[in-house]
Amino acid sequence: MVGHTWDWGIPAFAEQFRAMARHHFSTWDAYFETGRYHYFKLELLYWLILWPFSLAGGEAVSKWLPLTLTFCAGAAMWPLARRQGLSPVFALLAAVFYAFSPYALSRIVAGHMPMLAGYALLPLVILAAQTLMERVEAKRRGIFYFTVLTGFLVGLTSLHPGVGMSAAAMLSIAFAWRLFSSSRKKTLLACFVGIGFVAVAMNIHFMAPFVGDYFGKGAIRHGWGLSVSAEGDVTVDTELPRREAYHQSTSQPIDASALLRLRQGMDTEYVYPIPAGMTVPWYAAALMVTLGVFVYAFRRRKTPELTALYVTAIIGVLLVSGSRTLPGLLFYQLLLKKTLPILFAAFSNTTRWLPLVVLPYALLFARAAADLAGTWKPRVTALAGAATVLVFVSPFLAGGLTRPFNAAKDIQPLTLKQTPIGKEDAAVYSYLRDRRDDFRVTYLPPIGITWPGDTDFTFEWTSAYSPKPFFMAFKTQPLAEAIFPGLYAEHPNTRLARLLALGSGRFLVYPHYAHAYTYDDFQPAYRAPSVVDGYKDYKPVLDANLAMQQGLAALPLFKDVDLYENTEFLPLVRPGDRVAAVENVGTARVVNPVVAALSEEVGLPGYDPGTVYLRAGHDPVFLEFLDTIMGRGTKDSRILYERATDAKLAVSRPVERLKTPTVEFRRLGPTRLRVRLHGVTAGFPLVFQETFHTGWKALLVPHTAGDLTGTRETPPSLATYAPLPVQGPDVADAATLAGYVRDGIVSTLGDGREKSRHAFLYGPGGAVVGKNDRRFVVDYVSKLRAGAVQNDNLPDGGPFEGFFPGRFRPKNTATLSHPLDPAGWAVTNVGKPVAWPDALHVEAYGYANAWWIDPALLPLLPRATATTPGYYAVDRDGRIDCEMLLSFAPQTSYIIGLMLSATAMFVCLVIILAGPFLSKRQGLSHV
C-alpha cells in the first residue's frame with residue numbers, strides 16, 4: 001500500500017471503496033464518531049468511478065491511480081498547448097511541466113486524489129472556454145454547446161472546492177479580459193452566466209444546504225473545526241482564528257511564489273524536495289522558467305488567450321503570497337475576511353491557489369521557448385528548454401515521492417510509505433465487517449495515526465475506512481474529552497468502558513505499534529522520548545492504563561493486533577429507566593457539565609447505565625418539564641468535583657425507576673432506523689446514541705395491529721435459522737428467539753423468503769480472491785440487552801418513507817410551555833408517518849438524542865386494528881405497541897438536490913455526446 005498517514009484517500013479493501021460511495025448518498029456521516037451532519041459530498045463521482053477498480057485491491061489502486069491522474073494532467077495540457085500554436089515538441093514541454101509540477105507532487109504526497117483529478121481537468125476547462133470565446137467573437141455556431149461543455153467541466157473540477165474555485169477564478173479572469181476588447185459583451189456575459197448555472201446545477205445537492213445553513217445560522221460543515229472541536233456547529237467565528245493562523249503560515253514571500261519554491265507552511269500542503277546536488281541547477285531552472293513566463297510582457301504578438309493567462313499567473317502569484325503583498329493583504333483581509341468571511345474560512349490556504357500559477361507557467365514558458373527557437377538555433381533552444389523543464393521537475397522524477405528519511409532529523413518526513421497489505425490486515429477488517437450487530441470501534445492510540453515508516457500495519461484506518469463507525473477520534477466527540485485523560489493520566493479512570501458504552505463502543509483495536517503519542521501532554525512531568533513534532537511517546541502509559549481497565553475483555557484472535565471487547569456495551573437504541581439532572585454549581589464552570597459528571601459517575605457505586613443524564617440549564621420552561629419527567633418521588637442528590645477544573649457539579653436523580661418497554665430496532669442506513677416499542681405503559685426516555693441534532697425526528701408509522709405486535713407464533717422459517725459463529729454469544733439462538741417471539745419482544749422474523757449476503761475474501765495486496773455467499777431466511781437478531789433487541793428482519797420501507805411527514809402541531813404558544821398536555825396538540829397529515837413533538841426531543845449524555853415518549857399523546861392518532869392501519873395497538877392489559885422511524889429530516893432536501901444534480905449532469909452528457917453527432921448530420925462544425 002502506497003500512502004501517507006494524513007489525508008491519503010485510497011483504502012485497502014474493495015468494500016471500503018463501496019462504503020465510501022454509499023456514504024456520499026447520505027447527508028449524515030454515521031461512520032464518523034457518533035455521526036455528524038455533513039453535506040459536502042463532492043467526492044461522490046470520484047468514489048463511483050473507483051468502485052469497479054477496487055477489486056484489484058488497495059495496493060494496486062494506490063500505485064496506479066496517482067500515476068494515471070498525473071498522466072491525465074499532462075494529456076489534458078497537450079491540446080491546450082497546441083491551441084496556443086505550439087509545435088508538438090514545445091507542447092510536450094508544457095505537458096511535462098504541468099504533469100510533474102509542485103502542485104501535483106504535493107497532492108500525491110498529501111493523498112488528495114480528488115484534488116489531483118480536478119487539477120487534471122483544469123486544462124480542458126480553459127481549452128473549452130477559449131474555444132467558446134473564439135466562437136462568440138467569430139459569430140460561429142456551437143456557442144450553446146461549448147457553454148454547456150465548459151460548465152460541465154467546471155462542475156467536475158468541484159471534486160474539491162479548492163480546485164473548483166481555481167477553475168472559477170481562471171474563467172473569471174479569462175472572460176473579464178475578453179470583455180475589454182470584445183464587441184459582443186452581452187453574449188460573453190450570457191455565456192459566463194450559463195457556465196456558472198451549469199456548474200452550480202451539477203453541484204446543487206451540496207451548494208443549496210450550504211447556502212441555507214450559512215445564511216440561516218452562520219454554520220459551516222467544512223474546515224478544521226470539524227476535526228478538532230467538540231463544540232457542535234462550526235461557525236465562521238470559530239473557524240476564522242484557526243484559518244487566520246494557518247493563512248499567516250502559508251503566505252509566501254513574493255519571490256518564493258514566483259519561483260514556485262514555497263516554504264513548507266504546514267504538513268503536506270507543499271512538498272517539492274530538490275534532489276541531492278541539484279540545488280543550484282534547480283534554482284537556475286526555476287529562474288529561467290520564471291523569466292520565460294514574465295518576458296511575455298515584452299512579446300510583440302500578444303493574443304487575448306495568452307494575455308489572459310499571463311494576468312492569471314500574476315494574480316496567482318499574488319494569491320499564493322497571501323497577505324505578504326499589498327494586493328494580497330487587501331484581497332484576503334478586506335475583501336474575504338471582512339466582506340466574505342465564509343470564503344476566507346474556506347480558501348485562506350494560499351497554496352491551494354497554485355494551479356493559477358502552474359497552468360499559465362506551463363504554457364507561457366513553452367511559448368517563450370518556441371518564440372526563441374523561431375529566431376535562434378531551433379534545436380539548441382528546444383534542447384535547452386527540455387533540459388530546463390526536466391531539471392525543474394526533477395524533484396518529482398528523481399524519487400522524491402519515496403525518498404528515505406532519517407526519523408531523528410526529519411520531524412515531518414513528507415514522503416510516501418509503502419506497506420504491504422498482509423493477511424492479518426484482512427483478518428481484522430473481515431472480523432469487524434462480519435459482525436452483524438450495530439456497534440462502534442475504537443482504534444488505539446486514539447490519535448488515529450502513526451508516522452510513515454514506523455509501522456508495518458496498513459490498518460491505520462481513519463474514520464472513513466473503518467468497517468464499523470469509528471468512535472473517539474481526536475476530540476470531536478464530547479465523551480472523548482473524558483476518555484482521553486483517562487487513557488493517559490497518571491491515575492486513570494478505570495471505568496472508561498462505561499463511557500465507551502454510552503457511544504455504543506464495542507471493540508478496541510490496538511496494533512502492536514512501536515510507540516503511541518497524543519497531541520495533549522497529559523503528564524508534563526512524565527519523561528519520555530519525543531516521537532513526532534516533539535510529542536512524547538506515551539506507549540508505556542497507555543499500555544499500563546489499558547491493563548487497568550475494568551469491562552474490557554482481551555480476545556486472543558490475532559497475532560499482531562490486540563482486540564478488546566467492551567463487556568459494558570449498550571445498544572444503539574434503548575429505553576432509559578430514570579432521568580437525572582446535571583448542572584454547574586459554584587463559580588468554576590465546565591463547558592459540558594453532563595460529560596464531566598459522567599466521567600466521575602461511571603466509577604461510583606450504584607452507577608446505572610439506564611439513567612439518562614440531561615443538563616438542567618436555567619430555562620424555567622425546560623426546568624418544569626424536567627421536573628415532571630423525573631417524577632415526584634424521592635431523589636438522590638450529590639455534588640461531584642470535576643478533576644481538571646475543580647468545578648462543582650450537582651447531580652439529581654430519582655430513586656424509583658421507570659416502567660420501560662422493550663425496544664426492537666433495525667438500522668436501515670445512515671439516516672433511518674426502524675424502532676418498535678413493545679409494552680409501553682407510562683412515559684419513558686427513548687435513547688438514540690447518535691450525535692444530537694434537531695434534524696433527527698422520531699416518526700410514528702401507521703401499521704395494522706398484527707404488524708405492531710406480531711403474531712406471537714413461531715414461524716416455520718425459524719427451523720432454518722443458523723446464526724454465524726462470528727457473532728459468538730451476542731446472537732440469539734433458535735430457542736431464545738422462539739421465546740422472544742412468544743413474549744412479543746420480536747414482532748417479525750421476515751417475510752419467509754430466502755435472502756443472500758455476499759462478503760469478499762481478500763488476498764495479497766487487498767485484491768479480491770473470492771466471495772462468501774450466505775443464504776438465509778431469518779436474518780440477524782441479537783439477544784436482549786439493556787431493554788433492546790436488534791432485529792434485522794424488520795421491514796425496510798424504502799428511502800422515501802419519512803419524506804414530508806405529518807406532525808404534532810401546537811394549538812397555541814402555551815403548548816410549548818406544557819408539551820405533555822395532550823389538549824394542546826393537534827395532528828396534521830394523518831395517514832402518513834407523523835413526527836413526535838420536537839419539544840420532547842432533548843440532548844442526553846451531553847451529546848446524544850433522546851425523546852420523551854408519553855403514551856398520553858397517542859390517543860390523538862388513530863388506533864390500529866387487525867384490518868385498519870393505525871399508530872398504536874393496545875393489548876388486554878392496556879400495554880401499547882407502536883412503531884417509530886428515526887429519520888434525519890435534512891436528508892429529504894439533500895436527496896431532492898442530488899436528483900437535480902444528477903439530472904443536470906445527465907442533460908449535459910446528452911448534449912455533449914449528441915452535439916458532434918448532430919453537427920455531422922446537419923453539416924455544422926461544433927468541435
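It should be emphasised that the depicted structure is a prediction, and the values quoted were computed from it without experimental measurement.
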Please determine, by modelled atom types, if [X] and [Y] share a side-chain donor-acceptor pair under 3.5 angstrom.
X      : Y      : answer
Thr691 : Thr34  : yes
Asp733 : Tyr721 : no
Ser101 : Tyr119 : yes

Discussion item. Please enumerate all residues that pass salt bridge (charged side-chain N to carboxylate O under 4.0 Å, His left out) together with Lys783, with sequence neighbours excluded.
Written reply: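 By the salt bridge (charged side-chain N to carboxylate O under 4.0 Å, His left out) rule, Lys783 matches no residue at all.
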Practice prompt. Tell me, please, which residues at least two apart from Arg436 pass salt bridge (charged side-chain N to carboxylate O under 4.0 Å, His left out).
Written response: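 Only Asp779, Asp792 meet the salt bridge (charged side-chain N to carboxylate O under 4.0 Å, His left out) criterion with Arg436.
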Fill in: Pair Phe888 and Trp28, ring centroids less than 6.0 Å apart
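They qualify: ring centres under 6.0 Å apart.
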Worksheet item: Are Tyr37 and Tyr39 near enough that their ring centres are under 6.0 Å apart?
Response: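 Yes, the ring centres sit under 6.0 Å apart.
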Check this for me, if you would: do [X] and [Y] make a salt bridge, where the nitrogen-to-carboxylate-oxygen distance has to be below 4.0 angstrom?
X      : Y      : result
Lys468 : Asp438 : no
Lys559 : Glu424 : no
Asp29  : Lys41  : yes

Practice prompt. State, yes or no, whether a side-chain contact exists between Phe665 and Leu886 at a heavy-atom distance under 4.5 Å.
Written response: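 No - every pair of side-chain heavy atoms lies 4.5 Å or more apart.
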Discussion item. Using side-chain heavy atoms (C-beta onward) and a distance below 4.5 Å, is Leu572 in contact with Ser504?
Written reply: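 A side-chain contact under 4.5 Å exists here.
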Item to complete: Start with the C-alpha gap between Ser756 and Arg774, add the side-chain angles, then the distance that decides, and say whether side chain to side chain donor-acceptor pair (under 3.5 Å) holds.
Response: CA-CA 5 Å; Ser756 63; Arg774 178 173 176 259; over 6 Å; no
Worksheet item: Is there a side chain to side chain donor-acceptor pair (under 3.5 Å) between Tyr762 and Asp425 once you walk through the steps?
Response: CA-CA 10 Å; Tyr762 297 106; Asp425 299 301; over 6 Å; no
Item to complete: Could you check Arg495 against Gln550 for side chain to side chain donor-acceptor pair (under 3.5 Å), going step by step and ending with a plain yes or no?
Response: CA-CA 6 Å; Arg495 287 290 189 176; Gln550 302 178 48; 3.1 Å; yes
Worksheet item: Is the backbone of Ile108 close enough, under 3.5 Å, to the side chain of His112 for a donor and an acceptor to pair up by distance?
Response: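 No; judged by distance alone, with no hydrogens or angles, the pair does not exist.
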